[in-house]
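Heavy atoms only: backbone and side chains are in, while hydrogens, waters and symmetry mates are out. In what follows, chains are A, B, ... by sequence order, proteins preceding strands, each numbered from 1.
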Amino acid sequence: MKKVAGLILNVDGEDDSLKDFLQHRSLSTLPFGGRYRLIDFTLSNMVNSGLSHIGVIGSHKYSSLVDHLGTGKEWSLSRKTQDLSILSGSNNYHIGRLIKVSLRNLQNNRGFLDATGAEHVLIATPNLVTTFDFRNAYDIHLKNDSDITLVFKKDDPLYHLRDNDLYLEFTKNRVSGLHYKREQTTGHFFTEMFFVKKSILVDLLDLSERTGDWDLMDIIKHNIDTLQVFGAQHSGYIKRVNCLENYMKTSMDLLDYKVMHELFMGKNSIHTKIKDNHPTLYNDPAQVCNSIVGSGCIIDGTINHSIIFRDTQMNVGSHIQNSIIMQRCEIGRNVNLNYVVMDKDTKISDHTTLVGKPHAPIVLKKGTVI
Amino acid sequence: MNTECVAMLLAGGQGSRLGSLTFNNAKPAVLFGGKYRIIDFPLSNCMNSDIDVVGVLTQYRPYILNNYIGDGSAWALDQVQGGVHILPPYMGQKGGRWYSGTADAIYQNLDFIDRFDPEYVLILSGDHIYKMDYSKMLAFHKEKEADLTIAVMDVPWEDAHRFGIVNTDEEHCIKEFQEKPEHPKSNKASMGIYIFTWKDLKKALLDDAGNRESEHDFGHNVIPMLHESGKRIYAYPYSGYWRDVGTVQSYYDANMDLLDTNCDFDLSDRNFRVFSNNTSRHPQFIGSQAKISNGLICDGCIIFGKVENSILSHDVVIHKKTSLKNVIVHTGAIIEDGAILENCIVGARARIKGDARYITDPADTAPEIHVINN
């Protein structure tokens with residue numbers, strides 16, 4: 001993996017339903033799973049697979065990303081031999097449609113690509129919840145002398161594929177066609193993680209410079225006959241968070257011990273920014289089951305089927321179920337919450353009841369006081 | 001280089017009265033309150049007191065301790081000049097030897113302290129659970145123009161015979177020392193925290209090193225010698241939570257204080273934080289059959305059973321149909337299906353079989369605390 005540089009894209013602007021969470025942050029730093037940010041998965045997977053030069057493309061809402069990643073120490077990326085670069089992003093919108101992998105973003109960061117000395121680039125989106133060892137995919141990439149190796153997964157109705165998601169068509173083991181969902185489905189979809197030879201990427205960048213077509217996946221699709229494209233299968237758990245509904249569902253998946261075990265208790269762990277919190281204190285009246293709880297909380301209430309982030313305080317007589325409570329929230333006495341997603345630093349005063357719906361939870365913006 | 005005050009933390013003790021908790025581990029590195037280690041308290045105090053040069057004197061089983069301290073960044077002690085320094089015994093031109101007493105440990109590191117050319121030296125030990133702003137004690141030391149200041153606190157009269165007791169005048173000047181006296185004249189107990197004016201300490205250590213009769217101990221030798229020679233020794237009165245955790249029972253009781261809402265020792269106080277060297281772990285997973293009441297629980301735990309009035313360190317797994325009451329579980333221990341534990345301490349990475357029964361008589365108000373390791 002020494003010859004591979006990692007590049008994590010910015011994917012803001014795909015869906016409006018998460019906009020309340022994305023006023024001050026990009027999707028990559030959306031809090032997830034009690035203590036993580038979405039980008040922790042892709043970044044940790046790259047580090048755990050042995051990559052040592054990783055660039056993360058930011059959005060214009062930088063501060064949350066910079067604050068979270070810092071020097072990359074928690075991912076072992078602040079060593080003399082390993083590094084993390086935070087790269088500048090450009091607007092993801094093309095007139096009238098969304099580009100999945102924008103070469104304009106890569107063009108802006110040619111310096112990063114040139115400086116790494118890598119022969120291959122591993123490109124992935126930051127909103128995938130999965131643990132994946134890229135080494136097998138890299139072996140396939142090298143063995144076939146591929147120009148591009150796409151990580152794919154068997155069709156999954158729970159994945160929430162959209163019209164502009166891509167399906168792979170194989171001839172023997174070579175990818176002979178790429179189809180948007182609106183055109184054709186094949187049973188194997190693209191997971192938005194792929195290896196590309198740097199020389200090919202540079203050629204494609206030069207091509208797009210001339211033609212003005214910045215959509216990398218579109219270019220690959222149209223040149224599938226001349227490019228050597230192969231596939232590497234992902235057979236484990238993977239979910240993509242790109243709307244409120246699947247943020248909720250993917251979060252609640254963690255309450256299934258099998259999913260929790262695969263994501264967090266395998267041989268490779270998901271790293272995240274470390275905070276100094278005291279252990280979580282459950283006082284006498286607390287009753288907690290079927291939940292994930294971060295450290296630094298003080299809990300006096302009843303919690304069921306919920307995800308509670310670090311430093312949350314919850315007072316006597318309150319009940320939380322089917323909800324996600326992000327960092328540093330304060331919940332008063334005799335509060336009832338069901339299907340509620342509270343962003344960071346939200347306060348709820350005594351005797352408040354909020355009940356959302358499974359498909360439309362109530363969302364409280366960061367810093368709300370009710 | 002000039003530093004006003006250098007802290008020297010005595011962390012070489014074996015802590016044999018903690019039994020199997022210190023078989024593989026120095027006492028200052030014993031886990032406390034779930035995620036902490038005892039040494040977190042003095043190191044965090046240093047950080048909260050703006051003391052940024054700390055020498056840690058190690059000797060007994062230092063690996064876990066050294067590894068835990070690392071570069072000191074967990075306590076903001078990773079500054080370029082100064083920071084934390086681990087000081088094991090070493091070889092010199094004339095050979096080397098183990099630290100033979102608390103004063104000898106400092107004596108062997110005179111060169112280290114001189115490098116920082118301090119006015120004052122703060123002597124700490126890694127045996128106590130407390131929060132203290134040493135800068136206030138230093139201000140007191142300067143105000144009194146003392147040669148030595150000893151932190152003291154009032155202990156219950158009936159316990160005074162277990163401590164080193166000082167008798168002072170109204171100005172807090174120490175007139176008399178009594179070491180574990182049968183008939184204490186006061187209830188002011190030494191907390192084992194000293195601030196010396198460095199030139200006085202240096203001279204005293206050189207004198208003490210030349211004394212063949214001496215055991216090279218601060219409490220027994222150096223401080224009485226300074227007292228006899230008429231040095232200005234003051235008692236800095238401290239009031240607040242302070243516990244010696246030298247025995248299994250006192251260690252257990254101090255841990256359980258953290259679950260007591262009436263106890264004034266607050267780990268969540270943002271104005272005086274206790275830091276520790278954290279690693280990344282997943283959040284707690286609490287299964288649908290789990291029941292938790294009154295617990296202090298760390299990241300990485302997986303709980304399917306019943307946990308009552310207990311403290312769980314990192315990565316503890318509690319299987320279903322288990323019951324834990326008044327238990328302290330150290331890192332990585334696994335409690336298998338059906339085990340019932342009461343009033344005990346489970347050592348790090350122990351695996352407790354499902355047929356384990358550690359049950360105490362409910363009528364017994366002070367049951368003996370077992371330490372389970374396997």
Check whether the side chains of [X] and [Y] place a donor and an acceptor atom closer than 3.5 Å, and report yes or no.
X: N338(A); Y: N322(A); value: yes
X: H319(A); Y: N304(A); value: no
X: S49(B); Y: S135(B); value: no

Can you measure from CD (Q313(A)) to CD1 (I299(A)) and round to the nearest 0.5 angstrom?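 Q313(A) CD to I299(A) CD1: 10.0 Å, rounded to 0.5 Å.
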Separation of Q321(A) CD from N290(A) CG (nearest 0.5 Å):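 Answer rounded to 0.5 Å: 11.0 Å.
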Under 4.5 Å from any heavy atom of chain A, what part of S310(B) do you find: side chain, backbone, both or neither?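 Neither part.
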Quick check on S313(B) against chain A: is it the side chain, the backbone, both or neither that has a heavy atom closer than 4.5 Å?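 Neither; nothing under 4.5 Å.
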Under a 4.5 Å cutoff for heavy-atom pairs, which residue among M265(A), H271(A), Q287(A) has the most contacts with chain B?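 Highest number of heavy-atom pairs under 4.5 Å: M265(A).
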Which of the residues S291(A), P285(A), G34(A), G294(A) is involved in the greatest number of heavy-atom pairs with chain B at under 4.5 angstrom?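 Most heavy-atom pairs under 4.5 Å with chain B: S291(A).
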Determine the option with the most heavy-atom pairs under 4.5 angstrom with chain A, choosing from I302(B), N277(B), I303(B).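 Highest number of pairs under 4.5 Å: I302(B).
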Using a 4.5 angstrom heavy-atom cutoff, name the option from G295(B), A74(B), G300(B) with the most pairs to chain A.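 Max contact count across the listed options: G295(B).
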Got a donor-acceptor contact below 3.5 angstrom from the [X] side chain to the [Y] backbone?
X: K306(B); Y: K320(B); value: no
X: D276(A); Y: S276(B); value: yes
X: H314(B); Y: D299(B); value: yes
X: W242(B); Y: H128(B); value: no

Under 6.0 Å between ring centres, would you say that holds for Y130(B) and F41(B)?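 No.
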Let me know if [X] has heavy atoms under 4.5 Å from chain B in its side chain, its backbone, both or neither.
X: K275(A); answer: backbone
X: L254(A); answer: backbone
X: I298(A); answer: side chain
X: F309(A); answer: neither
X: I292(A); answer: both
X: S269(A); answer: neither

Chain A neighbours within residues 254-270 of chain B, where any heavy atom lies under 4.5 Å away: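 If one takes a 4.5 Å heavy-atom cut-off, the residues of residues 254-270 of chain B near chain A are L258(B), L259(B), T261(B), L267(B), S268(B), R270(B).
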Could you tell me if the side chain of L27(A) sits less than 4.5 Å from the side chain of F21(A), heavy atoms only?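 When only atoms from C-beta onward are counted, L27(A) and F21(A) do not touch, as no gap falls below 4.5 Å.
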Strictly below 4.0 Å, N to O, side chains only: are R35(A) and D311(A) in salt-bridge contact?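 No, R35(A) and D311(A) are not salt-bridged.
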Regarding K321(B) and D337(B), does a basic nitrogen lie under 4.0 Å from an acidic carboxylate oxygen?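 Judged by the 4.0 Å cut-off on N to carboxylate O distance, K321(B) and D337(B) do not form a salt bridge.
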Find out whether the Lys NZ or Arg CZ of R37(B) is both under 6.0 angstrom from the six-membered ring centre of F32(B) and within 45° of the ring's axis.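 Judged by the rule (NZ or CZ under 6.0 Å from the ring centre, within 45° of its axis), R37(B) is not positioned above F32(B).
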Do the ring planes of F264(A) and H282(B) sit parallel (below 30°), tilted (30 to 60°) or perpendicular (above 60°)?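 Plane angle between 30° and 60°, so tilted.
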Heavy-atom contacts under 4.5 Å, residues 324-333 of chain A to chain B: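 Counting heavy atoms that sit under 4.5 Å from chain B, no residue of residues 324-333 of chain A is involved.
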